[in-house]
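The sequence lines fix the lettering, A, B, ..., with proteins before strands; numbering per chain opens at 1.
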2 protein chains.
Amino acid sequence: MGTASAIRVAALELFAARGYEGTTMADIGAAVGIRGPSLYKHVASKQDLLVELMTATMDGLLELHRAAVAGTDDPVERLRRAVDAHVRFHARHRLEAFVGASEMRSLAEPHRGTVLGKRAEYERSFRRLVEEGVAAGRFRVPSVRLASYAILDLGMGLATWYREEGELSENEVVWQQTEFALRLVGAE
Amino acid sequence: MGTASAIRVAALELFAARGYEGTTMADIGAAVGIRGPSLYKHVASKQDLLVELMTATMDGLLELHRAAVAGTDDPVERLRRAVDAHVRFHARHRLEAFVGASEMRSLAEPHRGTVLGKRAEYERSFRRLVEEGVAAGRFRVPSVRLASYAILDLGMGLATWYREEGELSENEVVWQQTEFALRLVGAE
DNA sequence: CCTACCGATCGGTAGG
DNA sequence: CCTACCGATCGGTAGG
């Protein structure tokens, strides 16, 4: 692993544990065995570390999402695959998801706007999946918007309590959350 | 409204918008029309503002929860009332819930341990409600723990996207989320 | 990759 | 409730 990527990993863990404002460049340097000022040979700034982390996270999530829903036309199966990708991503990238949700305020413009735009696009896509299922008579929900928020919240919440060392394997959690999502929309 | 409570309101809004570390005592003072140092006539420290905010939030949530489940023995109705209280609290106290979830790391010991203990107690109580329903044959869930986490996550997520000015009233959101929770546990 | 350092900012205190 | 100020800390630069 190169120094630059070791720095990114250290920054992610520290941002998650202490927050962006609570993390110093000296902290990040110490985590990879160098002094704070030496970091500037590898990264442009502390803010740049946050920008890269948050945009890469949203890009990765969107890419997985598009691949997941591209394979089939059946509304139930499309939602199932989208939830699978959503939950799996949040289980595998807990820290990224947590930082992404809690450090939006530390992200400067114009990057903040970019990330918010991608997040809105992701939400719209999920809403469309629920709409398709309703239109096809396969889902029954009181509100499409609330149902899609609820499904997204299942995955985001997971990022706060899931632990790799826990008693539940990733596949078990993914399966159960997918089941919850399908129950939630009244899938038939 | 007294100065002390105006200060608490301002601190809550600023902690939610900029984070605890990103908020200065001068910011809080400016929000109530005084200078930073003058705050110390009303509060002990910046940390004390966070401690009061987070403990009061968890105490309020626990109190509402206990009152909600005390009125009936029917498992379905008990869960319905608990979810109602949970969702309503998170709709009415969005900022408190958001700060409570994102600023745990800024809370110093021993208060951090106290708040974590209360949160664990709250989670256990919800888990027990789901267990009761399963034991009575009224719920069908693959995992009691995951189902209760999922229900709790519905309310916590709401704190990030709910807006009082939005198109959905508090009662509508509460009703729909309660419906989602009951679907989630396969209530009969 | 380091030390030395700059300019700015912070929480909190002194003293009125 | 204020100004003046302390001691500490921060992100980033200079210069090697």
In this structure, how many angstroms lie between the [atom2] atom of [N] and the [atom1] atom of [X], rounded?
X	N	atom1	atom2	value
B:Ile7	D:dC1	CD1	C1'	12 Å
B:Tyr40	D:dT3	OH	C1'	16 Å
B:Lys46	C:dT13	NZ	P	14 Å
A:Asp27	D:dC10	CG	P	7 Å
A:Gln47	D:dG11	CD	P	12 Å
A:Ile34	C:dC2	CD1	C1'	11 Å
B:Lys41	C:dA14	NZ	C1'	12 Å
B:His42	C:dG12	NE2	C1'	16 Å

Exercise for the section: Tell me which nucleotide among C:dG12, D:dC2, C:dT3 gets nearest to the side chain of A:Arg35. Expected result: C:dT3
Problem - Nucleotide of C:dT3, D:dA4, D:dC10 approaching A:Pro37 most closely (side-chain heavy atoms) - result: C:dT3
Completion exercise
dist A:Leu168:CG -> A:Gln176:CD (nearest 0.5 Å) comes out at 6.5 Å
Exercise for the section: Please report the shortest heavy-atom distance between A:Ala150 and A:Leu184, naming the atom on each side. Expected result: CB-CD2, 3.9 Å
Problem - Within-4.5 Å side-chain heavy-atom neighbours: B:His65 and B:Phe89 - result: no
Exercise for the section: Give the ring-plane orientation class for B:Phe126 versus B:His86, where under 30° counts as parallel, over 60° as perpendicular and anything between as tilted. Expected result: perpendicular
Handout entry: Sugar-phosphate, base or nothing in reach of B:Thr3, heavy atoms under 4.0 Å
Key = nothing
Practice task
With heavy atoms under 4.0 Å as the rule, sort B:Ser38 into base, sugar-phosphate or nothing.
Solution key: base
Practice task
Stems involving DNA chain C: give each as a range paired with a range, ordered by first number, where a stem means at least three consecutive Watson-Crick or G-U wobble pairs under 3.5 Å.
Solution key: C:1-16 with D:1-16
Handout entry: Member of A:Asp27, A:Thr23, A:Ile28 meeting the side chain to side chain contact (heavy atoms under 4.5 Å, CB included) criterion with A:Met25
Key = A:Ile28
Exercise for the section: Answer yes if the side chains of A:Gln47 and A:Tyr20 hold a donor-acceptor pair under 3.5 Å, and no otherwise. Expected result: yes
Practice task
May I ask you to say whether B:Glu121 pairs ionically with B:Arg66, meaning some side-chain N is under 4.0 Å from a carboxylate O?
Solution key: yes
